[in-house]
Each structure stands twice: as C-alpha cells, then as structure tokens.
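To keep things clear, I will list the structure first and then write my remarks on it.
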Number of protein chains: 2
Amino acid sequence: MKISLDQFDKAFENRIRLQIMSVLVANESYDFNSLKELLNLTDGNLASHLKALEKEEYIQVEKTFIGRKPNTRYLASEKGRAAFKLHLLALENLIKQQKL
Amino acid sequence: MKISLDQFDKAFENRIRLQIMSVLVANESYDFNSLKELLNLTDGNLASHLKALEKEEYIQVEKTFIGRKPNTRYLASEKGRAAFKLHLLALENLIKQQKL
DNA sequence: CAAAAGTACTTTGTTGTTCAAAGTTAAATA
DNA sequence: TATTTAACTTTGAACAACAAAGTACTTTTG
C-alpha cells in the first residue's frame, strides 16, 4: 500500500502554523497580541507565520479599534477550515494505523 | 489556557520522517529500498532523513544479506516508539480540541 | 572477463525555512 | 514633546531539505 504524502498540507507542517490554525478554527477570531502571548512568539515571527497562512488564503484579517487602540483580528477562512480538516484527517489516519 | 508547543517532537515535524516512523512503528522492520519506493524519495534524501532519526536514537539499523544482495533494514527503537507515541498524543489532543 | 547494474550510502551545492533583532509607521498617552 | 503600544517589515544568520553526482563494493549479464 502506497502512502500518499500529498494528503499533508505543507502550510501546516510547521508547528507554529499548526497551532495558529488550531486556535483560529476553534475560536473563530483571535487578535495579534493574544496569539503572540499564547504561542510565546516575537511579533516579527508571528507576523511572518500569519502572512504565510494569509498567502494561502487560509486566514483573513480584520482591522478594528478597541476603544482607541488598533486591534488586528485573525479568522480562519472557509478554505482554511477545509484545508485544516483534511490535514487533520490525514493525521488521524496515521494515528489510526498505529492502533491496528 | 497556554498551549505547550514542546509536546511536539521536532524530529517528527517533517512529514517524511513522520511517515518513516509511522511505517517502522507499524511494521517492526522495513528495508531501504522498500522505504525509498514507498515514499518515492531519492536515495540520498531518504538516507539523510534516516540518519536524522538514527541520530536521535529513534531507529536502529540492521545490515544483512538476502541471498547475496546486501539488505539494510531499519527498526523503530523503544525510545523511538515512546517518542512517537507522545507526538501522536499531542496531535490527538489538537484534533480532539477541534471537535468540542 | 569486462561492462553494466544494484545497494546503500556520502558529498556538494543550491534553494527554502525559520528566527531574532532591529527598524518602521502611526496613533495614544504621559 | 517623549514614550509607549500595536502591528508590522526588513535584514541577516543559521539551519533544513533536496537533487544530483560521486563512491565502494558486489553481482549479474553479455
């Protein structure tokens, strides 16, 4: 039985992007600073991973204000949710195989 | 709730090593050429990923002969099995969270 | 017996990824 | 006016991934 490596999504191979996506799928929106604190990242590093997910159109950005402070929120797009689901399915299959 | 990124094992972040480990845990031994064909890799690339897993002591090597042909077999070590199990558990937790 | 092919690498060199740190812009607060 | 905060972008260094070519040794084929 041939294993199809292409079931896995390169965009989610990095564990930070995997976590970001996990948070965004579970929470429907999360802001920059909360993500930064949650994942314990420098802002430059977080920004670049977010940009990578944005480039794939897996997440969307919403710029608002809270009081008078700027607040950037990130949301998983439908495309992103679908891709993430598939990726998790591939992982689930991998895990299931181990249990046979 | 803070997410601990360190539950994930860097050695298994790469999908090729994830697949190699998956095959070795499920099959208790697999040879070089079968792995190469299964994962559709150049021999240099496969060798370097195997070397990375060997360096972590997650796999062991057994050199034998089949008939008169050299045959190199790879096995998951106990350490490797334990580490892999932990990694899959971390992934399982991630997946479970999505289902709440 | 010489040439070709197979096994299992190692080496080389290019390209890609990841990251921290510093720099940037613009508004808000002290 | 100076500092702080938010959310980046840029830079540069370190490391990872990869194909392709080279290597050593053996076996098979013509």
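First the proteins, then the strands, lettered A, B, ... as listed; each starts at 1.
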Side chain to side chain contact (heavy atoms under 4.5 Å, CB included) against [X], all qualifying residues, sequence neighbours excluded:
| X | answer |
| --- | --- |
| A/Ala47 | A/Phe32 |
| B/Ala11 | B/Asp9, B/Glu56, B/Tyr58 |
| A/Lys51 | none |

OP1 or OP2 of D/dA19 under 4.0 Å from side-chain N/O of B/Thr42: yes
Residue-phosphate contact under 4.0 Å: B/Asn14 side-chain N/O, D/dA17 OP1/OP2: yes
Contact boundaries on DNA chain C for chain B, cut-off under 4.0 Å to non-hydrogen atoms: C/dT7 to C/dT10
[X] has an atom [atom1]; how far is it from atom [atom2] of [N], in whole Å?
| X | N | atom1 | atom2 | result |
| --- | --- | --- | --- | --- |
| A/Glu37 | D/dA6 | CD | P | 11 Å |
| B/Asn71 | D/dT26 | CG | P | 16 Å |
| A/Asp31 | D/dA7 | CG | C1' | 11 Å |
| B/Glu13 | D/dC15 | CD | P | 16 Å |
| A/Lys36 | D/dA7 | NZ | P | 9 Å |
| A/Arg15 | D/dA16 | CZ | C1' | 14 Å |
| B/Asp43 | D/dA17 | CG | P | 18 Å |

Closest heavy-atom pair and its distance - B/Val23, B/Leu38: CG2-CD2, 3.5 Å
A/Asn14 (side chain) donor-acceptor with A/Ile16 (main chain) under 3.5 angstrom: yes
Sugar-phosphate only, base, or nothing, as touched by A/Arg17 at under 4.0 Å among non-hydrogen atoms: sugar-phosphate
Residues touching DNA chain D, which here means a heavy atom under 4.0 Å, drawn from residues 45-70 of chain B: B/Asn45, B/His49, B/Arg68
Partner residues of B/Phe84 under the ring pair (Phe, Tyr, Trp, His ring centres under 6.0 Å) criterion, sequence neighbours left out: B/Phe12
Sequence-distant partners of B/His49, ring pair (Phe, Tyr, Trp, His ring centres under 6.0 Å), two or more places apart: none
Nearest-0.5 Å distance that lies between atom OG1 in B/Thr42 and atom CG in B/Asn45: 4.5 Å
Where at least one partner belongs to residues 75-87 of chain B, residue pairs that pass side-chain hydrogen bond (donor to acceptor under 3.5 Å, both in side chains), sequence neighbours excluded: B/Glu57-B/Lys79
Option from B/Leu35, B/Asn40, B/Asn33 for which side-chain contact (heavy atoms from CB on, under 4.5 Å) with B/Leu46 holds: B/Leu35
Inter-axis angle, terminal five-pair segments of the helix from C/dC1-D/dG30 to C/dA30-D/dT1 [nearest 10°]: 10°
Pairs meeting criterion salt bridge (charged side-chain N to carboxylate O under 4.0 Å, His left out) with involvement of residues 23-35 of chain A, two or more places apart: A/Asp31-A/Arg73
